[in-house]
Amino acid sequence: MILGKQKERMKYRRKTSQLLLLLLFLWALYRQYHVSTKKLQKIYRCWSMNSPSKELKLSDWFSPSQSMNLTTTNWSAPVVWHGTFNEEVLEQYYAKHKITVGLTVFAVGRYIDHYLRKFILSADMFFMVGHKVIIYVLIDDFSRMPWIQLSPLRTIKVFEIKREKRWQDVSMMRMKTISEHVVDHIQREVDFLFCMDVDQVFVRKYGVETLGESVAQLHAYWYKADLIKVPYERSELSEAYIPTGMGDFYYHAAVFGGTPTQVLNIARECLKGIMNDKKNSIEAVWHDESHLNKYFFLHKPAKLLSPEYCWDFTRTDIINIRNIKLSWAKKDYKHLRVKL
Ligand code: UDP
Ligand code: MN
């Protein structure tokens, strides 16, 4: 009897010490291999300090021109013209830092058949060549989406939107749709995002030199004009109001961009202005463009694009316009815009 009990006690002790040993072993394993947030941060710091691919400085790729006066703003943002950037340095950098660039484009009513195919085909050929691109098409009739065979690295995502009754609202309400889509999915899918009008065509390489935190496009009609003359909204009753003599440049709403976070800020603020104006029964003179100009007056863009990045070929004053990358398509407002 006693012998049996002793045996059982021994067995129990052996089991307990085995369990303790196992626990000790597991604890040692945990200490050795557990990757805590702190440890991860330490590893990352070491890696990033040793990493040869440092952040790109403006002076690494951009050289302001001596012969042209508009290559840097008074808040030190670069104005990208053909010849001011070193494409090789940029491409080397982005070969190590892979990116995906988004491009939103709206086509509503007759703009679908008239402009959409050419815009997408030209983007496929010239927009961010060699980099991953997602084209977001916002269209009011799925069945009229053109079938387009894209090159490698390019994806199209098509979303149906409701058609606004007035063309002014088609244009302005893009800010609402853009902000909703950035929040819903775009922010997780791309590193940079451009928002463009559909009535234009890429005619040459439109590359990574255009990427930035927030990007504004100089308007082909107004980039040389006296600031007093540019068509900012001048009614104090509108949220887009800019007092005479104030402002920096007149920007074109056919192109704007930045990181998804910045594009979200732009779209949300412009929409806020547009909706407040609606509440007060006011419409800014150039609709979303007036609000975009107000936004960039208050929040200076990190990068400006020369008019070569959105040029109207019918213009004759082409001094300094040497390498057009995106060109206005022919306008035919009377027949194409949605009407009431
Ligand atoms: N838009 C559209 N259908 C319309 C009116 C406008 O799809 O009937 C979209 C389209 O993307 C267009 C943008 O809204 O490029 C801005 O309108 P528009 O190009 O006519 O303005 P503008 O270039 O004259 O400022
Ligand atoms: Mn347009």
Side-chain angles (χ1 to χ4, degrees), residues 102-123 127 135-146 156-181 193-203 206 216-223 230-233 240 250-257 263 266-267 270-271 274 283-296 305 307 309-315 324-340:
L103 173 59
T104 69
V105 66
F106 287 69
V108 170
R110 279 182 281 267
Y111 277 45
I112 302 176
D113 298 329
H114 210 81
Y115 296 120
L116 189 58
R117 176 185 289 279
K118 278 188 207 142
F119 178 86
I120 296 174
L121 280 175
S122 67
F127 183 73
I135 303 176
Y136 300 98
V137 179
L138 294 305
I139 194 168
D140 71 323
D141 182 357
F142 250 144
S143 68
R144 284 166 60 209
M145 176 67 202
I156 283 198
K157 297 195 176 186
V158 189
F159 298 90
E160 201 163 65
I161 52 165
K162 93 170 202 295
R163 178 201 285 222
E164 299 290 338
K165 291 197 182 75
R166 302 164 61 239
W167 64 263
Q168 296 90 334
D169 286 325
V170 171
S171 190
M172 289 192 290
M173 284 305 140
R174 288 183 295 175
M175 294 299 187
K176 181 168 185 278
T177 313
I178 289 169
S179 49
E180 287 167 356
H181 279 266
L193 179 65
F194 272 101
C195 305
M196 295 195 188
D197 270 14
V198 73
D199 56 340
Q200 36 195 1
V201 182
F202 291 90
V203 289
Y206 190 111
Q217 172 64 56
L218 289 176
H219 198 294
Y221 284 24
W222 302 104
Y223 72 104
V230 304
Y232 291 145
E233 173 55 51
Y250 191 80
Y251 303 112
H252 195 174
V255 174
F256 66 91
V263 171
I266 296 169
C270 289
L271 180 67
I274 290 164
E283 195 159 87
V285 58
W286 288 110
H287 319 105
D288 44 311
E289 186 163 271
S290 305
H291 292 276
L292 186 70
N293 272 280
K294 179 65 177 277
Y295 181 89
F296 281 137
L305 302 179
Y309 287 86
C310 189
W311 186 250
D312 175 5
F313 266 113
T314 64
R315 290 193 75 81
I324 296 157
K325 287 124 193 329
L326 178 66
S327 149
W328 299 20
K330 199 160 170 274
K331 309 229 178 221
D332 181 6
Y333 293 143
K334 210 169 139 231
H335 296 109
L336 298 178
R337 271 177 171 167
V338 295
K339 293 181 197 99
L340 265 179

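All ligand and atom numbering here is 1-based and tracks the order in the structure. Note that the coordinates shown come from a computational prediction; the quantities given were computed from them, not determined experimentally.
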Does some side-chain heavy atom of [Y] sit less than 4.5 Å from a side-chain heavy atom of [X]?
X    : Y    : value
L116 : I139 : yes
V255 : Q200 : yes
I274 : M173 : yes
L305 : Y206 : yes
M196 : L103 : yes

What's the verdict on side chain to side chain contact (heavy atoms under 4.5 Å, CB included) for F256 and Y295, showing C-alpha distance, side-chain angles and the deciding distance? CA-CA 12 Å; F256 66 91; Y295 181 89; over 6 Å; no
Identity and distance of the protein heavy atom lying nearest [atom]:
atom                    : answer
atom 20 (O) of ligand 1 : Y111 OH, 2.6 Å
atom 24 (O) of ligand 1 : Y333 OH, 2.3 Å
atom 11 (O) of ligand 1 : F106 O, 2.6 Å
atom 13 (C) of ligand 1 : R174 NH1, 3.3 Å
atom 21 (O) of ligand 1 : R337 NH2, 3.5 Å
atom 23 (O) of ligand 1 : K331 NZ, 2.7 Å
atom 25 (O) of ligand 1 : D197 OD2, 4.3 Å

Report the protein N/O/S neighbours of the Mn ion (ligand 2) that fall below 2.8 Å; do not count waters.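 Listed by chain and number, the atoms are D197 OD2, D199 OD1, D199 OD2.
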Salt bridge (Lys or Arg N to Asp or Glu O under 4.0 Å) involving K331 - partner list, sequence neighbours excluded: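 Partners of K331 by the salt bridge (Lys or Arg N to Asp or Glu O under 4.0 Å) criterion, ordered by chain and then number, come out as D199.
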Show the atoms of ligand 1 that are less than 4.0 angstrom away from any heavy atom in D199.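 Near D199, meaning under 4.0 Å from one of its heavy atoms, ligand 1 has 15 (O), 19 (O), 23 (O).
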Just jot down the ligand 1 atoms closer than 4.0 angstrom to any heavy atom of A107, in number order.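 With A107 as reference, the close atoms of ligand 1 come out as 7 (O).
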Report yes if some N/O of [X] lies less than 3.5 Å from some N/O of ligand 1; otherwise report no.
X    : value
W167 : no
S171 : no
V338 : yes

May I ask you to identify, for [X], whether its side chain, its backbone, both or neither come under 4.0 Å of ligand 1 on a heavy-atom basis?
X    : answer
E289 : neither
V170 : side chain
R110 : neither
Y115 : neither

Under 6.0 Å between ring centres, would you say that holds for [X] and [Y]?
X    : Y    : result
Y115 : Y111 : yes
W328 : H252 : yes
F142 : F159 : no

Which option wins on minimum heavy-atom distance to atom 15 (O) of ligand 1: D288, V198, V108?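 Selected option, by shortest heavy-atom distance: V198.
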Residue set satisfying side chain to side chain donor-acceptor pair (under 3.5 Å) with R315, at least two apart, ordered chain then number -> D317
Look at the aromatic rings of F296 and Y251 and report parallel, tilted or perpendicular, splitting at 30° and 60°. perpendicular
Determine the interplanar angle of the W167 and Y333 rings, folded into 0 to 90°, and report it as parallel if under 30°, tilted if 30 to 60°, perpendicular if over 60°. parallel
Give every residue pair that meets the salt bridge (charged side-chain N to carboxylate O under 4.0 Å, His left out) criterion with at least one member in residues 167-180, sequence neighbours excluded.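 Pairs touching residues 167-180 that pass the test: R166-D169, D169-K278, R174-D197, R174-D288, K176-E180.
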